[in-house]
Amino acid sequence: MNIIIFGPPGAGKGTQAKYLVKKLNSFQVSTGDMLREEIKRDTEIGKKIINNMNDGKFVDDQIVNKLLENIIFDPTKKDKLIFDGYPRTTNQIKNLENLLTKSNQKIKHIFFLNVNKDAIIKRIEKRKILEKRSDDDDQIILKRYDTYMKNTKPVLDYYSKNENYHELNGAMEIADISIKIDEIIGV
Ligand code: AMP
């Protein structure tokens, strides 16, 4: 089954996505990881996006949308996709729906990990120490959160009307969130 996990930076999307990948033998689609990889490999895309990434701003829809195509049309990954951090804009929703229709796939569940700003700041600071991520500098933490909330509001409005939409309290313990997810997807 294909699943979307979304929520602000530090809400635990990646952690839950990895949990589901293991559990369902599926594939994580993390646009954040893909973009960081482009920067690490110093590709043309990497050069274009480094400033936005480091400033806590979104990367252009066109660039992010393009990254997705190979994965969606890969027959070995069909109906085994866990989207982590995509879609983040209404343009990305349209692109995803278009690609899913073309590849004859559907989204089975949509999870929104809701967590407030204070908890996010604490978590990101902790992660910064563990993962040494350059986009987690103190001064841009709030910017990343605000960018996310501002841009993702229409995405939330859209998906919250879907019958397979589930909002979870992202401030809960990681293991408890996983249990809730398991209950909902029935595994
Ligand atoms: P994440 O690891 O999902 O928190 O993403 C880290 C950063 O990558 C974000 O702050 C954005 O700069 C960029 N990014 C990741 N996914 C997207 C997306 N779907 N659309 C635009 N920018 C993205």
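Both ligands and their constituent atoms are indexed starting at 1 by order of listing. Predicted model, so just to flag it, every value in this text is computed and none were measured.
- Looking at Asp84 next to ligand 1, no N or O pair under 3.5 Å apart turns up.
- The shortest side-chain heavy-atom distance between Glu69 and Leu99 falls under the 4.5 Å cut-off.
- Atoms of ligand 1 lying under 4.0 Å from any heavy atom of Leu35, numbered from 1 in the order shown and given with element: 8 (O), 13 (C), 14 (N), 15 (C), 23 (C).
- Cation-pi geometry between Lys13 and Tyr148 is met: under 6.0 angstrom from the ring centre, within 45 degrees of the axis.
- Contacts with ligand 1 closer than 4.0 Å are made by heavy atoms of both the backbone and the side chain of Val59.
- Using a cut-off of 4.0 Å between Lys/Arg side-chain N and Asp/Glu carboxylate O, Lys48 and Asp60 are scored as not salt-bridged.
- The ligand atoms of ligand 1 that sit less than 4.0 angstrom from a heavy atom of Tyr86 are 19 (N).
- A salt bridge does not link Lys180 with Asp176: every distance from a Lys NZ or Arg NE/NH1/NH2 to an Asp or Glu carboxylate oxygen is 4.0 Å or more.
- Close approach to Arg36 involves these atoms of ligand 1, each under 4.0 Å from a residue heavy atom: 2 (O), 6 (C).
- Close approach of ligand 1 to Gly32 (heavy-atom distance below 4.0 Å) involves ligand atoms 2 (O), 5 (O), 15 (C), 16 (N).
- Nearest to atom 12 (O) of ligand 1 by heavy atom, out of Lys143, Lys57, Gln92, Arg88, is Lys57.
- Of the polar atoms of Gly85, at least one N or O is found under 3.5 Å from an N or O of ligand 1, judged by distance alone.
- With ligand atoms numbered from 1 in the order given, ligand 1 contributes 15 (C), 16 (N), 17 (C), 18 (C), 19 (N) to contacts under 4.0 Å with heavy atoms of Thr31.
- Screening residues 111-120 for salt bridge (Lys or Arg N to Asp or Glu O under 4.0 Å) gives Lys117-Asp146 as the qualifying pairs, with residues at least two apart or on separate chains.
- Here the options are Asn65, Asp61, Asn95, the test is side chain to side chain donor-acceptor pair (under 3.5 Å), and the partner is Thr89; only Asp61 passes.
- Geometric assessment of Lys80 against the ring of Phe27 yields a negative cation-pi assignment under the 6.0 Å and 45° thresholds.
- Using a 4.5 Å cut-off between side-chain heavy atoms of Ile, Leu, Val, Met, Phe, Trp and Tyr, Ile179 forms no hydrophobic cluster with any other residue.
- Within ligand 1, the atoms closer than 4.0 Å to a non-hydrogen atom of Val64 are 18 (C), 19 (N), 20 (N), 21 (C), numbered from 1 in the order shown.
- Taking a cut-off of under 4.0 Å to the non-hydrogen atoms of Arg144, the atoms of ligand 1 that pass are 4 (O), 6 (C), 10 (O).
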